[in-house]
Amino acid sequence: MVDKPVRTRFAPSPTGSIHIGGMRQALFSWLYARRHGGQFILRIEDTDQERFIEGSLNLIYEAFDWFDLDIDEGPRQGGEFGSYVQSERLELYQQWANWLLENGHAYKAFETPQELAQIREEREKMGKAGYDGRARNLTTDEIAQFEAEGRKPVLRFKMPREGKTRTSDMIRGITEFDNSQLNDPVILKSDGFPTYHLAHVIDDHFMEISHITRGVEWLPSLPLHWNIFEAFGWEKPIFAHLPLIMDDKGQKLSKRKTIEGGKSDVPVIVHDFIDAGYLPEAVTNFITNIGWNFGDNQEIFSREEAMKRFDLTDINKANAAYPIEKLESINQYYIQAMETSKLANLLKPVFEDAGYTVDIALMEQVVPIINTRLKKLKEAPNIAGFLFADWAKFEAPPAEWMIHKKSTAAESVTILQRVIELIESLEDFSPTAQYDAFKALAGEMGISNSVLFTPLRISVTGKRVHPPIFETLEILGKDEAIRRIKLAIDQLQKIVSN
RNA sequence: GGUCCGUUCGUCUAGCGGUCUAGGACACCACCCUCUCAAGGUGGAGACACGGGUUCAAACCCCGUACGGACUGCCA
């Protein structure tokens with residue numbers, strides 16, 4: 001066990017983009033493999049033909065690319081244990097299912113779905129659950145007769161009826177299950193496809209997986225998998241059942257359910273995060289902090305730092321609510337910490353999508369004045385779009401906006417006239433020089449800074465909320481600034497003359 | 001219903017018998033800074049589910065209770 005190379009896997013079903021809980025499992029598995037110099041494998045579990053969604057493989061790879069998680073073996077990178085798509089391994093499953101049948105660990109059953117539903121209903125009245133194993137005793141004649149009728153059998157695994165199954169898990173330790181409580185599950189469906197139970201045991205064995213990481217929802221079926229491994233006589237991998245991320249109702253967060261109650265913008269699948277303008281490093285940091293922590297009270301850390309400390313045994317046992325508010329602040333932190341040119345390049349397409357034409361040099365000027373104001377990239381055009389819009393089309397804002405509550409329209413006009421004169425006279429138009437000059441002007445006029453700045457900033461930006469005014473003025477330049485202020489004066493004049 | 005898992009501030013968590021008058025982060029509140037909005041700074045409020053044990057000593061160990069969750073499918 002000590003010498004066995006670490007090989008972990010992520011095994012999603014192709015049902016669309018990856019759910020954030022699944023992505024966290026993938027990340028943890030990846031982290032563990034990388035920490036131990038092992039391999040990380042991607043396997044597609046498409047044994048349920050009904051849930052298959054076209055194009056899922058692309059979405060799954062896009063998700064891994066976005067997070068920059070490299071995959072050692074998988075459908076696209078291949079590997080010596082392929083295929084990595086279960087529907088391409090049918091023969092293998094059938095072969096080993098047969099082996100179980102021949103060795104007395106499995107049996108054929110012919111019940112129809114309706115009959116099964118009835119059995120379940122009857123057993124429920126008796127306080128029991130599931131299939132009762134009645135087909136265990138079918139005679140060869142009975143089997144032959146069912147087959148003559150054209151009924152296609154399923155294969156069910158013969159669970160031990162007595163004693164206990166003692167399982168162990170890296171996170172949860174030893175758990176004992178009473179075998180009398182367990183039923184005989186279908187391992188091979190009538191269409192010849194295996195169920196998850198059989199398929200993953202065979203794959204994890206032949207792909208030489210050392211550690212199976214999956215959600216706790218699998219814990220109840222662990223004894224089943226345990227017994228299948230034993231029936232085959234194969235060495236079991238180490239299991240680690242990860243806690244779940246819950247939704248706002250305390251239920252398992254699922255992509256099959258949508259989050260309701262005005263919170264529909266809560267991202268759940270990886271592509272939601274991409275679309276919303278979160279940064280992959282922030283999302284990585286965010287999900288790594290759910291159920292695991294870096295220690296030393298440090299919450300912001302890179303994936304590489306996490307890798308050095310990560311261990312599956314340190315993962316919490318308890319499920320976690322989805323702390324989505326925290327992502328906003330982590331994302332904000334990463335945006336703020338990012339280099340100007342890098343952020344500018346990320347922001348360019350965001351502005352373009354919003355309909356603006358972007359000059360990258362201008363963007364690099366804008367980035368430093370908006371980077372502390374962004375929680376997500378998508379918010380940027382709202383804040384700074386006006387700088388990229390066609391300046392010639394600028395329209396003065398409503399006059400009321402430009403009048404400070406302790407001031408009047410007439411006074412605002414006077415202020416703006418003085419401001420124009422000042423701007424024209426300024427040789428140094430840098431933000432600090434402007435600030436000094438405007439402050440001096442306010443003093444000279446005997447008014448507070450805010451009384452002076454309110455008409456200035458709103459007349460120039462056309463908005464009530466905007467980036468810092470001096471930097472904005474510098475970007476706009478003297479001429480444009482003056483032009484806008486004159487437009488504003490015209491607006492204000494209308495009120496004054498009334 | 002049955003089986004299994006879990007339970008520290010609103011939330012994510014630290015804690016692995018004494019260092020706990022329980023630490024950090026997000027959110028919240030107040031103040032400072034301030035040209036709007038942010039950012040930043042300072043401070044505040046806020047938790048060991050409950051009851052029994054064990055022990056000189058329990059958030060940490062044991063047992064019950066309560067609550068929550070998962071599973072109970074020819075889905076994974």
Side-chain angles (χ1 to χ4, degrees), chain A residues 11-13 15 45-48 50-51 109 111-113 116-117 120 123-131 152-156 167 169 172 175-178 180-183 185-191 193-197 199-200 214-223 241 243-244 246 250-252 256 286 289-300 316-330 332-333 336 369-375 383 401 404 435 438-439 442 448-458 461 463-470 472:
Chain A
S13 291
T15 57
E45 308 216 323
D46 59 344
T47 56
D48 183 8
E50 293 184 9
R51 288 212 298 146
E111 289 85 359
T112 62
L116 287 173
R120 267 196 293 275
R123 297 200 82 213
E124 209 166 304
K125 286 176 196 156
M126 293 154 50
K128 303 210 171 189
Y131 185 64
K152 287 233 165 32
V154 297
L155 237 48
R156 305 192 88 115
T167 64
D169 178 284
R172 289 154 211 284
T175 306
E176 283 195 346
F177 296 84
D178 210 327
S180 62
Q181 297 292 335
L182 302 164
N183 302 123
V186 171
I187 52 174
L188 198 68
K189 305 179 219 178
S190 56
D191 64 0
F193 277 72
T195 58
Y196 172 82
H197 306 303
H200 101 269
R214 42 150 63 154
V216 253
E217 72 262 33
W218 290 108
L219 201 55
S221 52
L222 214 210
H241 288 89
L244 265 21
M246 319 297 267
Q251 312 267 297
K252 182 166 83 162
R256 297 190 217 174
F286 166 64
N289 270 322
I290 308 175
W292 185 79
N293 85 96
F294 190 74
D296 299 344
N297 285 336
Q298 188 179 336
E299 305 224 346
I300 300 282
N316 285 162
K317 294 182 176 80
N319 293 339
Y322 190 36
I324 190 66
E325 338 72 55
K326 222 160 178 172
L327 174 60
E328 304 271 305
S329 82
I330 292 178
Q332 184 168 35
Y333 174 87
Q336 224 175 120
I369 65 174
I370 63 170
N371 70 155
T372 61
R373 275 155 253 261
L374 297 177
K375 284 188 160 65
I383 297 173
W401 292 9
H404 186 92
Y435 179 68
F438 285 120
K439 223 172 119 179
S448 69
N449 287 349
S450 67
V451 168
L452 183 139
F453 290 134
T454 298
L456 200 216
R457 62 187 180 78
I458 293 179
T461 62
K463 297 160 64 111
R464 294 211 250 208
V465 175
H466 51 76
I469 189 62
F470 308 121
T472 304

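We name chains A, B, ... by the order of the sequence lines, and we start the count at 1 in each one.
- With sequence neighbours excluded, the residues satisfying side chain to side chain contact (heavy atoms under 4.5 Å, CB included) with A:Arg373 are A:Ile383, A:Pro468.
- A:Gly295 comes within contact range of no nucleotide atom at all, as no heavy-atom separation falls under 4.0 Å.
- We find that CZ of A:Arg464 is positioned 15 Å from C1' of B:C35, with the value rounded to whole Å.
- Counting any heavy atom pair closer than 4.0 Å across all strands shown, A:Pro12 reaches no nucleic acid atom.
- By the stacking rule of 5.5 Å between ring centres and under 30° between planes, A:His466 does not stack on the base of B:C37.
- With hydrogens and angles ignored, a donor-acceptor pair under 3.5 angstrom links the side chain of A:Thr372 to the base of B:A38.
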Protein-nucleotides 25-29 of chain B N/O pairs under 3.5 Å:
{"unit_1": "B:A25", "atom_1": "O2'", "unit_2": "A:Glu299", "atom_2": "OE1", "d": "3.4"}
{"unit_1": "B:A25", "atom_1": "N3", "unit_2": "A:Lys326", "atom_2": "NZ", "d": "2.7"}

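- For A:Lys317 and B:A14, the NZ to P distance is 11 Å, given to the nearest whole Å.
- A straight line from NZ of A:Lys252 to P of B:G69 spans 13 Å, rounded to a whole angstrom.
- Base engagement by A:Ile469 is indicated by at least one non-hydrogen atom pair under 4.0 Å involving a base atom.
- Looking at heavy-atom distances under 4.0 Å, A:Phe177 makes contact with sugar-phosphate atoms alone, never a base.
- Residue A:Asn316 has a polar side-chain atom (N or O) positioned under 4.0 Å from OP1 or OP2 of B:A14.
- Side-chain proximity of A:Val465 to B:U36, B:C75, B:A70: nearest is B:U36.
- If you take CG of A:Leu222 and C1' of B:A76, they are 15 Å apart, rounded to a whole angstrom.
- Here A:Glu328 lies out of heavy-atom contact (under 4.0 Å) with every strand.
- If you check every strand for non-hydrogen atoms under 4.0 Å, A:Thr47 touches sugar and phosphate atoms only.
- Counting non-hydrogen atoms under 4.0 angstrom, A:Pro468 reaches a base of the nucleic acid.
- Residue contacts for A:Val186: at a heavy-atom cut-off of 4.0 Å it reaches the sugar-phosphate backbone alone, with no base atom in range.
- Between A:Gln181 and B:C4 there is no side-chain polar atom (N or O) within less than 4.0 angstrom of OP1 or OP2.
- Residue-level contact check: A:Trp218 touches the bases, meaning some heavy atom is under 4.0 Å from a base atom.
- Using a 4.0 Å heavy-atom distance criterion, A:Tyr435 is classed as a sugar-phosphate-only contact.
- Ranked by how close their nearest RNA chain B nucleotide is to the 5' end, A:Pro194 and A:Phe286 are led by A:Phe286.
- Across every non-hydrogen atom of A:Pro467 and A:Ile370, the tightest pair is CG-CG2, 3.9 Å.
- For A:Thr175, the listed nucleotide lying nearest its side chain is B:C5; candidates were B:A76, B:G69, B:C5.
- Dashed line: the shortest gap from a side-chain N or O of A:Asn293 to OP1 or OP2 of B:A14 is under 4.0 Å.
- Separating the CD1 atom of A:Ile324 from the C1' atom of B:U11 is a distance of 12 Å, rounded to the nearest angstrom.
- The nearest whole Å value for the distance from the CG atom in A:Asn319 to the P atom in B:C71 is 11 Å.
- For A:Thr195 against B:C74, a side-chain-to-base donor-acceptor contact under 3.5 Å is absent.
- The residue A:Asp178 sits apart from the nucleic acid: no heavy atom pair falls under 4.0 Å.
- Taking the nucleotide of RNA chain B with the nearest heavy atom to each of A:Arg156 and A:Thr454, the more 5' of the two is matched to A:Thr454.
- Taking 3.5 Å as the limit, the base of B:C5 and the side chain of A:Arg172 contain no donor-acceptor pair of atoms between them.
- Distances shown here put every side-chain N or O of A:Lys128 at or beyond 4.0 Å from the OP1 or OP2 atom of B:U3.
- Distance from the side chain of A:Arg373 is smallest to B:C37 among B:C75, B:C37, B:A70.
- Pairing partner, B:A39: none, since no Watson-Crick or wobble contact has both distances short of 3.5 Å.
- Using cut-offs of 30° and 60° for the angle between ring planes, the A:His197 and A:Trp218 rings count as perpendicular.
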